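Remarks on the structure that follows.
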Amino acid sequence: MAQATGIGGVFFRSGDTEALAKWYETHLGVPGFWEQEAGMTVFAPFRRETDYFPPDKQWMINFRVDDLTTLMADLKQAGIAIETRAEWDTPETGRFARIHDPEGNPIELWEPPAS
């Protein structure tokens with residue numbers, strides 16, 4: 001059976017595409033065309049009633065990161081609000097933080113557990 005082999009792109013609407021693209025590249029190192037590292041990707045529809053991300057948003061992107069502590073310090077220095085919750089982090093799943101881009105789109109940052 002033929003099947004998908006990976007995520008080929010993430011596309012979403014923006015009020016200012018150039019400014020938003022620059023924000024992602026500046027703060028998360030994600031350029032328009034990005035050769036990402038191999039690793040786990042979770043593809044999971046959520047129930048409409050979920051409180052895992054804001055009810056007025058249809059999606060939330062999750063980025064794997066290599067050093068959540070340093071990235072959070074860099075984001076904080078840039079004036080970007082960060083949310084963390086102790087219950088999000090476990091030895092089995094890793095560490096998590098949440099931010100929003102300038103247009104209010106939720107972004108989850110995930111540092112996978114050490115293998």
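Remember, predicted model here, so these are calculated numbers, not experimental data.
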Is NZ or CZ of R64 both nearer than 6.0 Å to the six-membered ring centre of F96 and within 45° of the ring axis? no
Compare every heavy atom of H100 with every heavy atom of P54, then report the nearest pair and how far apart it is. CG-NE2, 4.2 Å
Is there a side chain to side chain donor-acceptor pair (under 3.5 Å) between T17 and S14? Walk through the geometry before answering. CA-CA 5 Å; T17 58; S14 169; 5.7 Å; no
Between R95 and T69, is any side-chain donor less than 3.5 angstrom from a side-chain acceptor? yes
For the residue pair E111 and L68, what are the closest heavy atoms and their distance? OE1-N, 2.8 Å
With a sphere of 6.0 Å drawn around NZ of K76, does it hold more than 12 non-hydrogen atoms of other residues, nucleotides or ligands? no
Distance, nearest 0.5 Å, that separates NE2 of H27 from CD of E25: 11.0 Å
Start with the C-alpha gap between M40 and V42, add the side-chain angles, then the distance that decides, and say whether side-chain contact (heavy atoms from CB on, under 4.5 Å) holds. CA-CA 7 Å; M40 180 186 298; V42 177; 4.1 Å; yes
Nearest 0.5 Å, please: how far is CG in L20 from CZ in R13? 14.0 Å
Return yes when atom CD of E87 has more than 12 non-hydrogen atoms of other residues, nucleotides or ligands closer than 6.0 Å, and no otherwise. yes
Heavy-atom count check: over 12 atoms from other residues, nucleotides or ligands less than 6.0 Å from Q58 CD? no
Within the 6.0 Å centroid threshold, strictly below: F63 and W110: no
Measuring only between side-chain heavy atoms, which start at C-beta, is L109 closer than 4.5 Å to L28? yes
